[in-house]
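Take this structure, written in structure tokens, and hold onto it; I'll ask about it next.
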Amino acid sequence: MILFPSKPSIVACSAVAGPVESKSVFYSYFDSVSEDERWGQKTNEQGHSKMIQEACDIVMKKADLKNLDVDFFLSGDLVNQMTPTNFAARELAISFIGLFSACATSVSSVIIASLLTEVGASRFAIAGAASQHNAIERQFRYPLDYGAQKPATAQWTVTAAGYALIGKHDPKLPSVVAATVGKVVDYGEVSPFHMGGAMAPAAYDTITSHLKKRHQKITDYDLIMTGDLGKIGLKILKAMFAQTDATQEELEVFRDAGAEYYGEDEAFQSGASGAGCSASVYFSYIEQQMKTGRYKRVLLVATGALLSPMSFQQGETIPCTAHAIEITME
Amino acid sequence: MDPQEYQQIEQQNTPPTPYLKNCLKAFLVGGIICAIGQAITFLYMIFFDFTDKTAGNATVATMVFIAMILTGLGLYRKLGAFAGAGSAVPVTGFGNAVVSAAIEGKTEGWVLGVGGNMFKLAGSVILFGVGSAFFIALIKLILVSMGVVEW
Amino acid sequence: MIVFYSFLFAFIVGGIICVIGQLLMDVGKLTPGHTLVILVVSGAILDGLGLYEPLIDFAGAGATVPITSFGNSLTHGALAEAEKHGWVGVLTGMFEVTSSGISAAIVFGFIAALIFKPKGKAN
Amino acid sequence: MKKLAAIVLIPLFLIGCSSEQTIQVAGITTDEEKRAEIESLIRDKKDVYTGTAIMAEDEVLIAIQVNPWVGFKEQKVEKELQKEIEEKYPELNVLVSSDFKMHWETQKLLEEEDEKKVTDEVKKLKDLAKEET
């Protein structure tokens with residue numbers, strides 16, 4: 001667990017999403033929703049990159065900053081070698097470190113940004129993650145138009161980007177006070193269509209470790225929100241806590257961004273997933289809810305499945321990780 | 001919590017695969033696709049000089065053509081999500097696999113993208129089809145020359 | 001009446017082959033790729049045993065439309081050549097075997113790439 | 001659901017239980033005896049459901065359709081019948097086909113009066129039946 005005594009603040013946030021995400025229950029919290037899933041570009045990957053740029057531009061504009069005022073850009077995505085993020089960084093011209101924690105990148109980037117702020121190396125740092133459905137689906141699963149039957153546990157990779165601008169502490173803003181960098185946990189799940197089941201143990205591990213080291217109970221938090229476990233993954237996570245004698249009241253604290261993302265629409269099966277899933281919810285809805293005072297103290301636990309299409313074909317199990325940040329609002 | 005204990009929890013909370021429902025859907029859709037194939041075969045025989053034997057190829061080609069249109073319009077994906085093997089097992093499913101991979105590869109260019117990706121999914125079907133045909137012909141030839149079976 | 005039966009048996013046999021595929025995927029936990037390969041090889045073996053042609057006579061499109069017919073038509077070509085030319089035929093037969101499905105898929109795949117764009121909509 | 005079952009099941013019984021055969025032989029330049037013989041040969045095949053023979057001088061085309069329930073025997077029956085007729089009438093150029101196309105076309109030829117047209121058509125159909133792909 002890492003403590004941030006200087007409490008770096010989330011100065012501004014931005015969330016940009018694609019056309020399918022207009023069905024999201026978080027739609028109204030997004031800053032911009034594109035009607036074109038390629039953002040007017042020729043390829044999905046270029047569109048992905050454009051989406052990241054747009055989200056970064058918005059977050060800088062909100063804080064009234066220019067590229068030169070930002071010291072670090074910390075981000076990642078799921079495409080091979082993270083080219084969309086790398087290419088976006090090329091346009092942004094900000095010192096950049098690419099991070100890969102699969103769908104947990106939204107939080108791991110904030111952890112690094114907070115550390116850099118804590119040690120005084122950074123005045124402002126942009127942290128976040130993004131994913132574009134078409135680019136990722138074709139890489140990890142089947143071609144988009146291939147008619148494959150997906151089980152009820154399958155999740156829909158979102159087209160969305162979420163970025164937070166981390167700066168020095170400001171008592172009027174939500175601030176990062178602690179974080180837990182997750183271990184890699186593997187309970188032997190092999191199906192790439194059951195990410196929730198693969199990632200739930202990682203989330204469980206990170207949450208229990210964070211609570212233990214912080215000497216806190218579940219109910220000390222207004223909300224513990226996991227990233228993209230999906231409806232079934234969230235159920236499994238709750239069942240794990242129920243096993244260790246968590247009360248109903250405690251279980252009510254848990255929510256999952258992926259499970260709620262598309263509401264009850266059955267076309268999306270277990271819910272949403274992807275690096276942009278947690279990022280676009282944490283850095284829009286959660287931030288705004290904290291600013292309005294609805295939540296005073298939340299634990300954001302982004303989960304990531306660390307597989308590649310090749311590792312799956314080689315018969316490897318799916319190792320997973322989860323990173324947590326504790327955010328408070330005074 | 002050990003992995004075994006976890007697997008139990010996971011299984012309890014994962015909805016079971018609806019075997020019967022899936023099979024029923026596969027049966028209906030697969031059956032309908034084959035019945036459509038039969039209709040196309042008859043049409044070829046009635047309106048053109050095709051026989052049972054020769055109409056087969058024309059039918060398969062026509063079915064693949066229909067699969068191309070449905071794939072391009074994004075409809076085959078929906079059919080596949082509903083029917084599972086019902087739409088994957090008929091040749092239309094093979095067509096869908098080739099066409100969807102070809103469309104998707106377009107952004108990487110005609111040679112590396114379309115050409116290189118076209119058989120990403122369907123290539124193994126061709127490999128094992130041709131490979132098994134070779135070995136079966138070989139085995140049968142050996143058996144025939146040994147006098148075990150006749151052609 | 002014969003026509004009616006052609007449709008009925010095509011429907012039933014085609015449906016059953018698809019159910020076998022579905023069971024391989026659901027119960028056998030195989031990917032669609034593995035399932036299709038198993039079916040193609042089964043079709044080839046059935047033809048080697050001389051059982052696939054009678055099935056086609058019985059079910060018509062119910063046997064020619066499922067992917068199993070690939071294995072059948074490829075094996076059929078190879079066997080015919082082997083019968084005619086013996087050992088050489090097994091080799092040369094491989095260059096003559098055809099499956100209209102493969103050629104059609106190549107041609108139409110190319111055409112589709114010319115005119116369509118991939119779509120990423122949920123429903 | 002019941003209605004659907006009825007639609008599917010009734011025809012099953014119609015054909016499944018009856019062994020009634022429809023054998024039609026049409027010939028223009030052949031004698032009655034041969035015609036009757038061929039008809040009875042076809043009729044002897046119990047699996048044959050419809051048989052249509054068109055005789056044009058020495059060219060004989062016999063299109064058969066077996067009972068759909070034993071459809072898988074189609075080629076066996078076809079070969080047997082071919083052999084039997086060839087043995088009995090070595091002078092005739094016979095082709096027995098179980099192809100649906102042949103059934104269809106011979107049905108049309110039954111009505112045809114023009115001798116030359118029948119002969120040409122029979123030759124054409126025989127060529128067609130021999131095509132492999």
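Each chain gets a letter, A, B and so on, in the order its sequence line appears, and its residues count up from 1.
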- Message: Please check if the number of heavy atoms outside F135(B) that lie under 6.0 Å from its CZ is greater than 12.
- Response: no

- Indicate yes or no: at least one non-hydrogen side-chain atom of I9(B) is less than 4.5 angstrom from one of I236(A). yes

- Message: Under a 3.5 Å distance rule, please check whether N96(B) uses its side chain to pair with a backbone N or O of Y146(A) as donor and acceptor.
- Response: no

- Message: Can you give me the closest heavy-atom contact between R77(B) and L144(A), atom names plus distance?
- Response: CD-O, 2.6 Å

- Task: Counting only heavy atoms closer than 4.5 Å, note whether Q243(A) contacts chain B via side chain, backbone, both or neither.
- Result: side chain

- Measuring from E189(A):CD to E10(B):CD, what's the distance to the nearest 0.5 Å? 4.5 Å

- Item | Heavy-atom pair with the smallest gap, counting every atom of Y187(A) and P3(B) | CD2-CA, 4.2 Å

- Heavy-atom closest contact (A239(A) atom, N13(B) atom, distance): CB-ND2, 3.3 Å

- Does any heavy atom of chain A fall under 4.5 Å from the side chain of L79(B), the backbone, both, or neither of them? neither

- Nearest non-hydrogen partners of A198(A) and Y6(B), listed with the distance: N-OH, 4.5 Å

- Message: If you count heavy atoms of other groups shown closer than 6.0 angstrom to CD of Q4(B), is the number above 12?
- Response: no

- Item | P15(B) vs I232(A) side-chain heavy atoms within contact, under 4.5 Å | yes

- Message: Salt bridge or not between R138(A) and E108(B)? Use side-chain N to carboxylate O under 4.0 Å.
- Response: yes

- Message: Which atoms of K235(A) are under 4.5 Å from chain B, going by heavy atoms: the side chain, the backbone, both sets, or neither?
- Response: both

- Message: With a 4.5 angstrom heavy-atom cut-off, is it the side chain or the backbone of T17(B) that approaches chain A, or both, or neither?
- Response: neither

- Query: Taking atom CG of D145(A) and atom NZ of K78(B), what is their separation to the nearest 0.5 Å?
  - Reply: 10.5 Å

- Message: Does any backbone or side-chain atom of K120(B) lie under 4.5 Å from a heavy atom of chain A? Answer side chain, backbone, both or neither.
- Response: side chain

- Query: Between N22(B), V99(B), N117(B), which has the largest tally of heavy atom pairs under 4.5 Å with chain A?
  - Reply: N22(B)

- Tell me, yes or no, whether the heavy-atom count around F119(B) atom CZ, taken from other residues, nucleotides or ligands under 6.0 Å, exceeds 12. yes

- Query: With a 4.5 angstrom heavy-atom cut-off, which part of Q7(B) approaches chain A: side chain, backbone, both or neither?
  - Reply: side chain

- Message: Is A148(A) in contact with chain B via its backbone, its side chain, both, or neither, using a 4.5 Å heavy-atom distance?
- Response: backbone

- Message: Less than 4.5 Å apart, side chain to side chain, heavy atoms only: is that true for I103(B) and P143(A)?
- Response: no

- Task: Take T107(B) and R38(A) through the test side-chain contact (heavy atoms from CB on, under 4.5 Å) and record every step on the way to the result.
- Result: CA-CA 12 Å; T107(B) 49; R38(A) 294 185 182 193; 4.1 Å; yes

- K50(A) atom NZ: more than 12 heavy-atom contacts under 6.0 Å: no

- Task: Would you indicate whether F48(B), at its atom CZ, is surrounded by more than 12 heavy atoms from other residues, nucleotides or ligands within a distance under 6.0 Å?
- Result: no

- Query: What residue in G105(B), A85(B), A97(B) has the most heavy-atom pairs under 4.5 Å with chain A?
  - Reply: A97(B)

- Query: Contact part of T153(A) toward chain B, heavy-atom cut-off under 4.5 Å: side chain, backbone, both or neither?
  - Reply: side chain

